Protein chains: 2
Amino acid sequence: MPTPTPTARPRATGRVTLSDVAALAGVSPITVSRALRGERTVDPALAERVKEAASQLRYTPDPAARALASRHSSHVAVLIPMLSNALFVDLLEAVQRTLRPAGYQTLIGITHYNPDEEEQLLREQLQHRPAGLLVTGTDHSATTRALIEGSGVPCVHVMELGNTPGVYCVGFSQHAAGQAITEHLVQRGHKRIAFVAAQLDPRTLQRAEGYRACLRQHGLYDAGLELLSPLPSSMALGSVLFEDLLREHPDCDAVFFCNDDLAQGGLLAALRLGVAVPQRVAVAGFNDLSGSDQMLPPLTTVRTPREAIGEASARLLLALMRGETPPAHSIDLGFELMLRASS
Amino acid sequence: MPTPTPTARPRATGRVTLSDVAALAGVSPITVSRALRGERTVDPALAERVKEAASQLRYTPDPAARALASRHSSHVAVLIPMLSNALFVDLLEAVQRTLRPAGYQTLIGITHYNPDEEEQLLREQLQHRPAGLLVTGTDHSATTRALIEGSGVPCVHVMELGNTPGVYCVGFSQHAAGQAITEHLVQRGHKRIAFVAAQLDPRTLQRAEGYRACLRQHGLYDAGLELLSPLPSSMALGSVLFEDLLREHPDCDAVFFCNDDLAQGGLLAALRLGVAVPQRVAVAGFNDLSGSDQMLPPLTTVRTPREAIGEASARLLLALMRGETPPAHSIDLGFELMLRASS
DNA sequence: CTGAAAGCGCTTACAG
DNA sequence: CTGAAAGCGCTTACAG
């Protein structure tokens, strides 16, 4: 294919710059800048001419120069706990799919559920003067909150709801979801319903509260039936905790695992032990991760809308970065019970 | 704790700049620049004084200004196919863990195994003038290769080996690994060994070649026993393919799945169907992903060193970015057979 | 609606 | 080993 030969290349670097486009279009560089950014103060015909010149020269703006002059970059910093939880992979995919077409690059920081790491990552990311910030959860250290506020960078919190004015959230009620799946187990006639959890991050603890609220309401709550491990969530840990649970509480007739990987491990342990699910023990998980529908029996769980959360939070952030002030400060995208054969 | 009060803040933005540090240390800005970047042409005593001044003012360099002046950013662009394959999550973790302490931010591009997307992502990433590039595999479109070469950005390819001079690779032989796990099945006495694969990316096809080479060598190769699906790999797909396989080839006595998620799905399908593993059909997977050791029976598979690959490739890239020219162009980190009860 | 000037905060040669 | 000058490629006020 024929390559058009640019006419002007004044810079030493050989890079096509605003000035080159300006020269070709016969306007000043600042007009090119305005036209290309879609500022509406530019005469439409002129803007068209500029855009043609730009594409003819294959001009692409230099993000560094833009960042230096405008005092914010084209990056959006994203803080998530851990990619080994598939939940956050789905979230991230949706975020990137929404942000990329708008010209924003995603800067990913993995906190490993560690407040100190989160703080440190945030510091590093803020040095890059991101245009926006997407952080997981609403429960952060005082320093982290101060850093976010002090930066003046538009920020959206994901996965939880919130009620602090000025704090934007997109998620669902972890408490309500925990309560709903527990209620389902109660409705199935179970009386000794255990809660098995790992990691013990804020959202897991909110689900725990939902579980407690439900069982208290039915007069079925027994603190002894809670098995809480601070270890990272995994199938292997789920197996171990399930065995522990049955050993310590042989009368337990149902388990709510705080995440599907634990539940999958639990189901496999049940198979290994010859424990009939759901006849002897019913099992429920959380998040409806990949593979849960393949288990034996298929896992009852809570489908959480992480793709929708990713997209909605990114859209909200785009609005904030455009300088708009959207009214909704806490967007609830709900959840869905996936009732399968394990309960 | 007492906060030292900075003495000089000339800039309008309120940001602490090189000049502020220079003023406090009583030297010129360029000397500060050199001292802070660890250039060895600076008098040690002076450098120390500068560093103290910098930390006293809590100075942090502006990445945008640095990028604009030096013509490359502090970003390392990473191109990976898909985070829903846990393999790449582990790789990415190791890369970030190695690059971050060296002051490099990771820019992640997810190609979805699509050469066009890869090309487009690369273009976008190169606009940010990354200091380094980490790409998955060695098999890329001509345009992608041209973009990489033309950019002059140091680049390391991961997950495969290579023999092209000037192209740096860190990985292992996918072919040898495919061959080795197949050989194991042969040694177990199996005669009708199937290969079940999804996605059909270059590395999967290299494993297929290893499988073929092994079976041909033993006079056991039958092209009909290959089940190749272009769909994305998943447990659900593994279940479906396993059922297809047994229906179409009832005499099949072993299966090598190209990835553990497929194999896990296959094992669950076997449980559902009452197919005895390994007595009736032996099963082997690839990658040793999380959960494979928990299956019923535990899955025989190939442990691939993605953490080591992530770290080694990042170290190699750091050397290249420092301007060094390391001798090893293709680093083989090997693999390990994990022989468990499924075979 | 368009432009000339100044500046964002650094680093790259070039001197000494 | 240190520094003065120039410039990286944009955008932000400020004029007109």
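Just so it is clear, the values below take in all heavy atoms, side chains as well, and ignore hydrogens, waters and symmetry mates. Everything numeric here is computed off the predicted structure, so don't read it as measured data.
Across C:dA4, C:dC10, C:dT12, the shortest atom-to-atom separation from the side chain of B:R66 is found for C:dC10. Here the side chain of A:A65 is nearest to one of D:dT2, C:dT2, D:dC10, namely D:dC10. For A:T17, the listed nucleotide lying nearest its side chain is D:dG9; candidates were C:dG9, D:dG9, D:dT2. Side chain of A:R71, nearest nucleotide from C:dA4, C:dG9, C:dC8: C:dC8.
At the heavy-atom level, A:R37 lies under 4.0 Å from the strands shown only through sugar-phosphate atoms.
Test A:V135, A:V156, A:I331 against A:S313 for side-chain contact (heavy atoms from CB on, under 4.5 Å) and you get one pass: A:V156. Checked options A:V153, A:L126, A:L122; the residue passing with A:I148 is A:L122 (criterion: side-chain contact (heavy atoms from CB on, under 4.5 Å)).
Atom CZ in A:R129 sits roughly 7 Å away from atom P in C:dG9 (whole-Å rounding).
For DNA chain D, if you chain together Watson-Crick or G-U pairs that step i with j, i+1 with j-1 and so on, the runs of at least three with distances under 3.5 Å are C:1-3 with D:14-16, C:5-12 with D:5-12, C:14-16 with D:1-3.
Both B:D62 and A:P44 lie near DNA chain C, and the one whose nearest nucleotide falls closer to the 5' end is A:P44. Between B:V27 and B:L68, the residue anchored nearer the 5' end of DNA chain D, judged by the nucleotide with its closest heavy atom, is B:V27.
A donor-acceptor pair under 3.5 Å is formed between the side chain of A:Q125 and the backbone N or O of A:L107.
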